[in-house]
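Residues: numbered from 1 along the sequence shown. Note that the structure is predicted; figures quoted are calculated from it, not measured.
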Amino acid sequence: QVQLVESGGGSVQPGGSLRLSCVASGISFNYYIIGWFRQAPGKEREGVSCFSGDDGSTYYAESVRGRFTISRGTAKNMAYLQMNNLKPEDTAVYYCARVPLNYTVQSMCTMRGESWYHRWGQGTQVTVSS
């Protein structure tokens, strides 16, 4: 099965920035909804931002709107999450996921928990602390 691999996490101070990357081998994101999710300690996994590889539509969780930007790389199997003005509450493990185009960006991004998706990768840790 095609796995998505996340990278780019790290430790930053509040107000700092990070760019996360998501790469898959053997598929094109043109045919999927791609989403970034995160899970903080003791909390449920939640959607952060999603985009459609078909029509380019995007969705952002209210908590990150205006600070995070999702994008696709020039390579059709890359996606990014630019995170600016990071806050301590953004601390979490971040994951990317893909679903078929019968989802919408909103329906994917409002999924919660882990059980609805069976291809989670290792994720990448983001820590925001002074």
Side-chain angles (χ1 to χ4, degrees):
Q1 290 186 347
V2 175
Q3 195 81 14
L4 303 185
V5 179
E6 307 90 348
S7 63
S11 296
V12 297
Q13 293 186 339
S17 297
L18 285 172
R19 189 176 81 155
L20 306 184
S21 299
C22 172
V23 62
S25 58
I27 65 167
S28 168
F29 287 172
N30 287 354
Y31 307 110
Y32 297 94
I33 307 289
I34 305 299
W36 284 97
F37 290 75
R38 67 186 181 186
Q39 188 166 14
K43 293 191 175 181
E44 194 173 42
R45 196 165 297 185
E46 63 177 4
V48 174
S49 182
C50 298
F51 81 85
S52 168
D54 179 39
D55 63 14
S57 56
T58 58
Y59 178 91
Y60 294 92
E62 188 173 350
S63 59
V64 306
R65 203 166 292 153
R67 300 187 298 121
F68 290 10
T69 303
I70 193 170
S71 63
R72 182 167 54 185
T74 52
K76 294 180 180 179
N77 62 338
M78 293 286 296
Y80 302 102
L81 185 69
Q82 177 67 42
M83 306 186 296
N84 297 330
N85 190 22
L86 283 160
K87 303 177 180 180
E89 52 263 42
D90 295 317
T91 296
V93 179
Y94 284 70
Y95 304 87
C96 60
R98 63 179 176 98
V99 295
L101 294 174
N102 57 322
Y103 281 73
T104 65
V105 289
Q106 182 171 353
S107 68
M108 183 189 188
C109 255
T110 52
M111 299 297 287
R112 298 188 72 87
E114 302 175 48
S115 61
W116 65 275
Y117 186 72
H118 303 290
R119 299 193 179 103
W120 296 111
Q122 299 282 350
T124 186
Q125 175 71 49
V126 171
T127 302
V128 185
S129 173
S130 55

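- The CD atom of E44 sits 10.5 Å away from atom CE of M111, with the distance rounded to the nearest 0.5 Å.
- T110 contributes a side-chain N or O that, together with a main-chain N or O of Q106, makes up a donor-acceptor pair within less than 3.5 Å.
- Using modelled atom types, no side-chain atom of N77 and backbone atom of S25 make a donor-acceptor pair closer than 3.5 Å.
- A donor-acceptor contact shorter than 3.5 Å is absent between the side chain of T127 and the backbone of T91.
- No continuous path of hydrophobic side-chain contacts links L4 to M78 [ILVMFWY only; heavy atoms under 4.5 Å].
- Note on W36 and Y117: same hydrophobic cluster, where clusters join Ile, Leu, Val, Met, Phe, Trp and Tyr whose side-chain heavy atoms are under 4.5 Å apart, directly or indirectly.
- Under the 4.5 Å side-chain criterion, counting only non-hydrogen atoms from C-beta, R98 is in contact with I27.
- Residue pairs meeting the ring-ring contact (aromatic ring centres under 6.0 Å, His included) criterion with at least one partner in residues 55-96, sequence neighbours excluded, are Y95-W120.
- Judged by distance alone, the side chains of S57 and D55 do bring a donor and an acceptor atom under 3.5 Å apart.
- The heavy-atom pair separating G8 from L18 by the smallest distance is O-CD2, 3.9 Å.
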Chi angles and distances behind the side chain to side chain contact (heavy atoms under 4.5 Å, CB included) call for V64, R38: CA-CA 12 Å; V64 306; R38 67 186 181 186; 3.9 Å; yes
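- In this structure, V93 is not a member of the same hydrophobic cluster as V5, with clusters built from ILVMFWY side-chain heavy atoms closer than 4.5 Å.
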- request: Take S17 and V12 through the side chain to side chain contact (heavy atoms under 4.5 Å, CB included) test and state the conclusion after the steps.
  value: CA-CA 7 Å; S17 297; V12 297; over 6 Å; no
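- The two residues A79 and F51 come nearest to each other via the heavy atoms CB-CE2, 3.8 Å.
- When all heavy atoms of T124 and L20 are compared, the closest pair comes out as CG2-CD2, 3.9 Å.
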Worked verdict on K76 versus Y31 for side chain to side chain contact (heavy atoms under 4.5 Å, CB included): CA-CA 10 Å; K76 294 180 180 179; Y31 307 110; over 6 Å; no
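- Here the closest non-hydrogen pair linking S49 and L81 is CB-CD1, 4.1 Å.
- For the pair A61 and G47, the tightest heavy-atom approach, listed with the atom from each and the gap, is CB-O, 3.6 Å.
- Remark: side-chain polar atoms of R45 are not paired, donor with acceptor, to backbone N or O of E114 under 3.5 angstrom.
- Distance check: C109 SG to F37 CZ gives 5.0 Å after rounding to the nearest 0.5 Å.
- Enclosure of atom CD in Q122 is not indicated, since only 12 or fewer non-hydrogen atoms of other residues, nucleotides or ligands lie within 6.0 angstrom.
- Minimum interatomic distance between A92 and A40 (heavy atoms only, all atoms of both residues): CB-N, 3.8 Å.
- In this structure, R72 fails the cation-pi test against F29, since its NZ or CZ atom is not both closer than 6.0 Å to the six-membered ring centre and inside 45 degrees of the ring normal.
- With a 4.5 Å cut-off on side-chain heavy atoms, D54 and N30 do not count as touching.
- Between S11 and S129, the closest side-chain pair of non-hydrogen atoms is not below 4.5 Å.
- Side-chain atoms of M83 and D90, non-hydrogen and from C-beta on, never get closer than 4.5 Å to each other.
- Rounding to the nearest 0.5 Å gives a distance of 11.0 Å between CG of L101 and CE of M108.
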